[in-house]
Q: 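The structure's right below; bear with me while I get my questions together.
Per chain, numbering begins at 1; letters A, B, ... match sequence-line order. This one's a predicted model, so the numbers in the text were calculated from it and none came from an experiment.
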There are 2 protein chains.
Amino acid sequence: MAIKKSKFDLQCADCPIRHRAVCSKCEADELALLEDMKFYRTFEAGQTIAWAGDDLTFVGSVVRGVATLGQTLEDGRTQMLGLLLPSDFIGRPWRKTSAYDVCAITDVTLCCFRRKPFEDMLVRPPHIGERLLEMTMDELDAAREWMLILGRKTAREKIASLLTIIAHREQAHDVPKINAPVTIDLPLTREAMSDYLGLTLETVSRQISALKREGIILLEGKRKVVVPDMARLLAQTGSDAISHL
Amino acid sequence: MAIKKSKFDLQCADCPIRHRAVCSKCEADELALLEDMKFYRTFEAGQTIAWAGDDLTFVGSVVRGVATLGQTLEDGRTQMLGLLLPSDFIGRPWRKTSAYDVCAITDVTLCCFRRKPFEDMLVRPPHIGERLLEMTMDELDAAREWMLILGRKTAREKIASLLTIIAHREQAHDVPKINAPVTIDLPLTREAMSDYLGLTLETVSRQISALKREGIILLEGKRKVVVPDMARLLAQTGSDAISHL
DNA sequence: CGCGAATTTGACACCACTCAAAGTATGTGG
DNA sequence: CCACATACTTTGAGTGGTGTCAAATTCGCG
């Protein structure tokens, strides 16, 4: 029995999203744990729930209302990356900050869980599920980064972003020297790149030629790219930084 | 001790992706279970591992090589939706068919798990993790559907796709009559729609006006859309069907 | 060396963007 | 209740970026 109740308090059993939200498969014992760690928060239409990069001290479910997940390029172009309807989940376990702008577009009520106890519920064996969850969330972040590229970037920015992403994936375990020349081994044909970026292969070819003409990249054969100055390439991506660096 | 070994057999302890793949957090007992249900398969460069809609009798990890995840529109336009590198996971628990085209772009070795025993490892309590995994995978599917829209569809197709998606989300629990008139309550402004679809708000407005002129939709106020014949709207989406119907 | 595939380059068209202005709701204060 | 302000939407005119179609060139490999 709760000692104090705010006007938004609600027993899980009476919750309108009980059968669809993250708690929908929980049995009585788990539900009791959640009941203890939960609290409600409300936001007015138009309010920002979190900016990208902000600390997000909770995770939780949308109980009522609609919110959006979005990201903004340095010059102000924005792309919506998700629509959060009742029962959808907000936040990511084990990550302290929000990767996205979260905005309430109608009045919104959230059922929030304090991060730490919620995470503790996830780390019990079998660990395979825990790891699969983590990997799926990484995939989701990658897909959303990709959405921003597909929706809002120019052909040149798309090419620069792709080169940057591949460069950093290859160099993941090397010393991260941003001022040293970098060699990128392209595993993709021009056509595969065009498929990746939502362009035609001719446009891909033209943009690569243009970057070469301007000395931002050098080609060694068709499948190797040398970047003499990674900062100059980064300046062509349209983003201040690539998120998963 | 395994009774028979193929040339691809490998002890988990010696596996090159042991520390990054889905099994990376497993302890000895879980690893022993996986060892029992796993088998290796190889694919040559260029081979298709699965077409969208095919039965996929396993889930598993990429051990070696690079594969792509993609989808194709009815007229042949394609969009890549994911790049699968060593340690990445293929397939989705509890789903029998592949939602995407999976292609090997280099020679690929997969460590496959039989679906059923793998799923059984995921369904133990706490169920909150299980449900969160399921929801995250739904989000990932939605993000990838969105990627196809952003990367390869025209403005008109984007609008038609958005209306279709919202219509079916709203009617999720109603009778799925495809021939009856449908009313869609748009929760989004023109600007929000443009953010969603990677368009400008002017283009959104023009396309909606065009669809109205042609009688494919009717407007009731600015925020309500009536679709007299859903089949005609579907014909404008560029897809044979919207996947999550 | 010679073939086929991949890539580059060119010319042109068109879709979607930009800038601008007019029209339409919605709500506020007099 | 009306006048006005504000936000949203629609429409127009003109431009530019990217797609389309076509041809030339280079690369990779037997």
Q: Tell me which of Arg152(A) and Arg213(A) sits closer to the 5' end of DNA chain C, going by the nucleotide each one is nearest to.
A: Arg213(A)
Q: Considering only nitrogen or oxygen atoms on both sides, find all protein atoms under 3.5 Å from nucleotides 28-30 of chain D and state each distance.
A:
none

Q: Please report the distance, rounded to the nearest Å, between CG in Leu219(A) and C1' in dA6(C).
A: 14 Å
Q: Measuring from atom CG of Leu211(B) to atom CG of Leu233(B), what distance do you get when rounded to the nearest 0.5 angstrom?
A: 7.0 Å
Q: Let me know the distance between CD1 of Ile208(B) and C1' of dC8(D), rounded to the nearest Å.
A: 13 Å
Q: Under 3.5 Å, is there a donor-acceptor pair between the side chain of Arg77(B) and the main chain of Arg152(B)?
A: yes
Q: To the nearest Å, how far apart are Glu202(B) CD and dT11(D) C1'?
A: 10 Å
Q: Short question: side chain of Ser205(A), backbone of Leu201(A) - any donor-acceptor pair under 3.5 Å?
A: no
Q: Is a side-chain N or O of Glu220(A) found less than 3.5 angstrom from the main chain of Val225(A), in a donor-acceptor match?
A: no
Q: Measure from CG on Asp195(B) to C1' on dT9(D) and round the result to the nearest Å.
A: 16 Å
Q: Find every protein N or O atom lying less than 3.5 Å from an N or O atom of nucleotides 11-16 of chain C, and list the pairs.
A:
| residue | atom | partner | partner atom | Å |
| --- | --- | --- | --- | --- |
| dA16(C) | OP1 | Ala155(B) | N | 2.7 |

Q: How many angstroms lie between atom CG of Leu69(A) and atom CD of Gln71(A), to the nearest 0.5 angstrom?
A: 9.0 Å
Q: Using a 4.0 Å heavy-atom cut-off across all strands, classify Ser205(B) as base, sugar-phosphate, or nothing.
A: base
Q: From Ile217(A) CD1 over to Arg232(A) CZ, what is the distance, rounded to the nearest 0.5 angstrom?
A: 11.0 Å
Q: Specify the separation, in whole Å, of atom CD of Glu191(B) and atom P of dA7(D).
A: 12 Å
Q: Atom CG of Leu201(A) and atom P of dT20(D): how far apart are they, to the nearest Å?
A: 10 Å
Q: Kindly determine whether Thr164(A) and Gln236(A) satisfy side-chain contact (heavy atoms from CB on, under 4.5 Å), including the steps that lead there.
A: CA-CA 10 Å; Thr164(A) 308; Gln236(A) 304 294 316; over 6 Å; no
Q: Rounded to the nearest 0.5 Å, how far apart are CG of Leu148(B) and OH of Tyr100(B)?
A: 10.0 Å
Q: Rounded to whole angstroms, how far apart are NZ on Lys224(A) and P on dT7(C)?
A: 16 Å
Q: Within the 4.0 Å heavy-atom criterion, would you say Thr189(A) contacts the bases, only the backbone, or no part of the nucleic acid?
A: sugar-phosphate
Q: Which whole-number value in Å describes the distance from Arg190(A) CZ to dT26(D) C1'?
A: 12 Å
Q: Taking side chain to side chain contact (heavy atoms under 4.5 Å, CB included) as the definition, give me every residue that meets it alongside Ala210(A), ordered by chain and number, with sequence neighbours left out.
A: Arg156(A), Arg213(A), Glu214(A)
